[in-house]
Every structure is written in structure tokens, then in C-alpha cells.
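In each ligand, atom 1 is the first atom listed, and ligand 1 is the first ligand listed. All of these numbers come straight from a predicted model, not from anything done at the bench. Starting from 1, each residue takes its place in the sequence as its number.
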Amino acid sequence: MSFTLHGIAVSSGIAIGHAHLVSHTSLEVAHYVLPKQFLDGEIARFDAALQSARREFASLRSNRPTYAAAEFDAFLELHQMILEDPQLSVAPRDMIANEHCNAEWALKVQMETLVAQFDEFEDAYLRERQLDVKQVAERLLKQLLGQPGHQPPPARHDVETILVARDLSPADLIQFKPQQYAAFITDLGGATSHTAIIARGLNTPCVVGLHHARELVRENDLLILDGEQGVLIVNPDKTILAEYRLRQSEWELERKKLKRLRDTRANTLDGSVIELHANIEKPEDIAEAKENGATGIGLFRSEFLFLNRDNLPDEEEQFEAYRAVAAGMEGQPVTIRTFDLGADKQIKGAERVASNPALGLRAIRLCLAEPQLFRTQLRALLRATHYGNVKILVPMLSSISELNQTLQFIATTKQTLDNEGIPYDRGVKIGGMIEVPAAALALNMFAKKLDFLSIGTNDLIQYTLAIDRTDEEVAHLYDPLHPAILHLLSHVIGTANRLGVPVSVCGEMAGELAYTRLLLGFGLRQLSMFPAKVPDIKQRVLTTSLPELAPLTQKILRADDPMKIRDLLDRLNT
Ligand code: PEP
Ligand code: MG
């Protein structure tokens, strides 16, 4: 049966392929009834998974990262205790034997029973431990899914495969890079979640927030995904399929044409130079940045070096990664952000449970709370400055004391390098991300102490409009054209220009054609985006005359009716 679902378009392109269902980050499992002769084998499979989870905990405890100290140990101890709770370690075995069900299902049912018991506690601390129960059950489930058993068939490699999941974390998605999926589909997630950002970086069509795709789509169904419109067509008829194949080849042709702009400078019609830089997550992404004609790296999200691994990258490993980008960009600017971990990007084995992760210990707050880890990164970063044009960017500043402490950390790290005779760029530029309304409003205070600014519109919008960027339930409220956002952007860009502090935008707005002229009209001259967007934005810059932007940009700033703002923006873009 053919049907269509609508979600949030986050990465454009058209994909046609067969569905492959995965359950990576949530406890969604199928229920099977097993013939009697398979029950012993199923119990053995459960036991093997339990043993592996025990070994995993033991290894995590013995290889505990030095920065994590006592808190990490206590956290692991609690998880080990939960793993040994008979409800998780014994009851699933009985259930398999008595109810003839598969191990995953037995685990899920027992986990839910245990969670329900925690729910009954009066004490809020104990109630919150149900999250730990889920995490432990998830760990065990992952072990189980790694054991040969009753799993969905693996992805086929002879046909295009579209990955369908309830949710995917940024760490999950970056792992899929080498596997060449034709597209990604998730039921959860918002347009500027890090999952969406990675999908764009992978140049892979992606639609999130589909709500029920994981339930309605079956393994191997034929799917068409329109990443521009946010439409998923399941089991299309021949006419629709032919139409989308045509659209797909037109889209690919258009991309090829745009790539010819690679070596053209991004100058406006009146001759102003606009810098178009690329956002990257891994050193190998610079190939794509160059291929698309980016003239620098505006944002290297260094935290991706820390994900999907049981240990942490040491100074040497980080240094090699930063040096590779610095040297690879051959003198062009490379802005490396200190790790923005926390919220939706967590170190494996040291996941923190916070009631409001986006407002919690994230980005620079986490850096400052983990001095050992931060110092290691700063040493690696400073050492890399010797091999190219490296700048250091500090994420999520909200108070001046954070900036002061950060500058102090940098100064002492420089001092130790001096003592050791290790070379680095003494004039290395330090910039701050403006992504919290407090920093945008009190800009002077930060700008005075910084060499450059970079506006993170993804978080600036999240924090100004109070909408969780990962939550599809509020994704419709995510509005870059909200008057409050426009005023903040114009204020930050205008103030930075007046103070003579270079400013760029590195949030997703920078890669959206609809906003290019508006941002240029506010006075922006540097944008950083996912690599594949550079040619589109360049084409828009090439057809823009800066002096003509002012009247409409001012009108947009004065307008407060959303319809009027959109009308004016359309006029600006025609
Ligand atoms: C932003 O917030 O706009 C930004 C560029 O940082 P990130 O998306 O990694 O939070
Ligand atoms: Mg951010």
C-alpha cells in the first residue's frame, strides 16, 4: 500500500531506496514468539549479553578517564548495581522460558516494570534514577542486538538503502558516514538538532520529526524521500517513481553546475568581498570544504573527536587532528571550537543526566568544570597554531567570568608551552560564540576582550525563543524571522562592526539562501556553513548588490507582523 508522511526537512536532495529499520538510541524492540526448541539458545544469548555488559562496565571502570574522577566511578557503580538487579539480570530469563518470547522483548518488559517501581518513590532523587535504569537496559540491549539472534536483516548493499529510526544521536549518525546510506529518516528531532546538522554535513537527504515512520514503514519497503519538502512516500506507484527519478537527476545536475563556481571569489555586484567558510566535524571533512570552494573553516566542531569511543583523545591525537586541518587548509583561516560537549553530545560512559541538558553543564561550562580535559585540548590547539592559520573559538559564553577564566587557562597553557620550548602562534586569535541571549545583549562586555565573534544562530534561537532544538514537538516554533531574533542579529552584527571586531554567523541560518541577503543587509561579511551549501550561497552573493539591501532590511527590522516580514523578505530575495 502506498502512503505519504510529512516531517521536517533538514537536509535536501531526493533519495530513492529500500527501508532499513534500526533502533539505535531508544528501547524499541520487536516481539517474537519462539518455538520451544529455541528457548535454551535464547536464554544463552541473554546470558552472553549480560556477561558482555558486565565486562564493558569493568573495562570502563578500569580505564576511567582521569578527568572524570570520583563522580564517574559512583555513576558506574550505580549502573553496575542496576545491572545486577534481579529484575534485569534474572527475570528476563524466566520470562523467555515461560512466555517463549525473544530476549529483547523480555528485557524491555522487565525494564518497564522496574522503571514503574522507581516511579512510585516519593523521593525525587530516587524517582530520577529511572533514567539510569533505562540507560543500563539500553546498554544491555545493545549487547543483545550485537549477539546473533532475531534481529532485522542487515542493510543490503546492492540497492540504495534508507535508514529509518525512531531517533538518532549525532554520535550514531557520524558513525554511518562510511556506510553510504541514501537518506536518513527519524520520528524525533528538530531542524537544528546536531543530528540534522551532521546529516547536512554528510550531504545526505534527511527528514526528521516524522512521528510514526518507524511503526508504519516495513523493512525493505521502497521509499522516496524528498529532503527539500520533508516528504516521505512509501511504496510509490510507477508514475510517482518515474517523476521523482527525473527530479533526482535534475537536482544532481544543478549541484554539478553550482560546483563550477568553486574558484570564483564570492564578491557582490558592487565588489565587496564576502568570506564563505565551511563547518566541519572531522579533519577529513576539509576535502569537501575545499571541493565546494570554502575559503576557510569557520567552525570545526572539535567535540566530535570525543564521541563514539571508550577512551578520550589524548593531547597527541588531538594535536594531530588540529594540525591536519590547519596544514590542510594551507594558510586559510581555521577556526577550531573548544569542545561543545554536553546536551545532545555526550562522552560514552560518562553520560550526565540533567533535567535540562541544554541549560546545564554544556560547552564552555563543561570545559571549565573539567580543567584537566580542557588544558589537554588547549595544549593541542595551541601547538597546532604553529602549522597554519588557527583561531580558537569558545562556545556558549554567557557570563564574563567564564571568558576571564578561559583567557586565564589559555595564558597559563601558553606559559607551560613557553617553558617547554614548544612553538605556537603567540598572536593566536581568540573568539567567542554568541549563542546565548545574555551574550548578545551584553555584547560590549565580551567583544572588548575577544578578537572575533561568531554567532551560533542554532542556539541563539533555541535560547531566545525557549524551544529545545532537538524536540520535534516544538520545532514549528523555531523561527529565525522572529522579530526578537532579527533584532538580536542586527544588534550583534552592527555592534561588532562599530567596534571593529570581525563577526561571522556559523549557525544553520548561514547556509540558508533565504537569509543570505538579510544577513548581508545587517552588515555581515562572513558566513560559515556546511560545505555543500557554499556554492548556493556564493551564487546568491554574486547576484547581490549591497547598497540596495538597506531600505528593505530596515523595513524588515521595523515590521512586527510575521506575514509582513515574510513578504518583505521575499522582495529582498527577488
Ligand atoms: C550554533 O549554535 O548555531 C552553532 C553553530 O553551534 P552548534 O550547532 O554546534 O551548537
Ligand atoms: Mg551552538
Asker: Side chain or backbone of M509 under 4.0 Å from ligand 1, or both, or neither, by non-hydrogen atoms?
Answerer: neither

Asker: Check T192 against ligand 1 and report side chain, backbone, both or neither, counting heavy atoms closer than 4.0 Å.
Answerer: neither

Asker: So is M433 touching ligand 1 or not, going by heavy atoms under 4.0 Å?
Answerer: yes

Asker: I need the contact type for L460 against ligand 1. Using non-hydrogen atoms and a strict under-4.0 Å cut-off, is it side chain, backbone, both or neither?
Answerer: neither

Asker: Between T543 and R517, do the side chains contain a donor N or O and an acceptor N or O under 3.5 Å apart?
Answerer: yes

Asker: Quick one: do E330 and K290 satisfy salt bridge (Lys or Arg N to Asp or Glu O under 4.0 Å)? Show the steps, please.
Answerer: CA-CA 11 Å; E330 299 167 298; K290 288 173 151 187; 3.2 Å; yes

Asker: For the Mg ion (ligand 2), count the protein N, O or S atoms found under 2.8 Å away.
Answerer: 2

Asker: Looking only at side chains, do Q462 and T192 share a donor and an acceptor under 3.5 Å apart?
Answerer: no

Asker: Can I get a per-line list of side-chain donor-acceptor pairs under 3.5 Å for residues 201-212, giving both atom names and the distance, sequence neighbours left out?
Answerer:
residue : atom : partner : partner atom : Å
N203    : ND2  : E288    : OE2          : 2.7
T204    : OG1  : L202    : O            : 3.1

Asker: Q332 and T295: side-chain donor and acceptor closer than 3.5 Å?
Answerer: no

Asker: Under the 3.5 angstrom rule, does the side chain of R383 hit a backbone N or O of F319 as a donor-acceptor pair?
Answerer: no

Asker: To the nearest 0.1 Å, how far is atom 6 (O) of ligand 1 from its closest protein heavy atom, and which atom is that?
Answerer: R337 NH1, 3.0 Å

Asker: For ligand 1, which atoms, with element, lie under 4.0 Å from some heavy atom of C506?
Answerer: 5 (C)

Asker: Do the rings of F306 and F339 sit parallel, tilted or perpendicular, given the 30° and 60° boundaries?
Answerer: tilted

Asker: Using a 4.0 Å cutoff against the non-hydrogen atoms of I197, which atoms of ligand 1 qualify?
Answerer: 8 (O)

Asker: If you measure from CZ on F452 to CD1 on I430, what distance do you get to the nearest 0.5 Å?
Answerer: 7.5 Å

Asker: If you measure from each non-hydrogen atom of R301 to ligand 1, which part falls under 4.0 Å: side chain, backbone, both or neither?
Answerer: side chain

Asker: Between H194 and ligand 1, which residue portion shows a heavy-atom distance shorter than 4.0 Å: side chain, backbone, both, or neither?
Answerer: side chain

Asker: Using the salt bridge (Lys or Arg N to Asp or Glu O under 4.0 Å) rule, pick out the option among R362, R301, R365 that qualifies with D340.
Answerer: R362

Asker: For ligand 1 and E303, I'd like to know whether there is a polar contact (N/O to N/O, distance under 3.5 Å).
Answerer: no

Asker: Less than 4.0 Å is my threshold; does some heavy atom of E281 fall inside it relative to ligand 1?
Answerer: no

Asker: Should you measure from each heavy atom of L299, which atoms of ligand 1 turn up under 4.0 Å away?
Answerer: 5 (C)

Asker: Just checking, is any N or O donor in the side chain of Q539 or D536 under 3.5 Å from an acceptor N or O on the other one?
Answerer: no

Asker: I need the atoms of ligand 1 closer than 4.0 Å to a non-hydrogen atom of E435, numbered in the order shown.
Answerer: 1 (C), 2 (O), 4 (C), 6 (O)

Asker: Output the list of atoms in ligand 1 that are nearer than 4.0 Å to some heavy atom of D459, sorted by atom number.
Answerer: 1 (C), 2 (O), 3 (O), 10 (O)

Asker: Output the list of atoms in ligand 1 that are nearer than 4.0 Å to some heavy atom of R362, sorted by atom number.
Answerer: 10 (O)

Asker: What protein heavy atom sits nearest atom 8 (O) of ligand 1, and how far away is it?
Answerer: R469 NH2, 2.7 Å

Asker: Does a donor on one side chain sit under 3.5 Å from an acceptor on the other, for K449 and N404?
Answerer: yes

Asker: For N458 and G507, indicate whether the former's side chain and the latter's backbone hold a donor-acceptor pair under 3.5 Å.
Answerer: no

Asker: Could you tell me whether the side chain of K533 and the main chain of A510 form a donor-acceptor pair under 3.5 Å?
Answerer: no

Asker: Does K555 come within less than 4.0 Å of D567, counting only side-chain N to carboxylate O?
Answerer: no

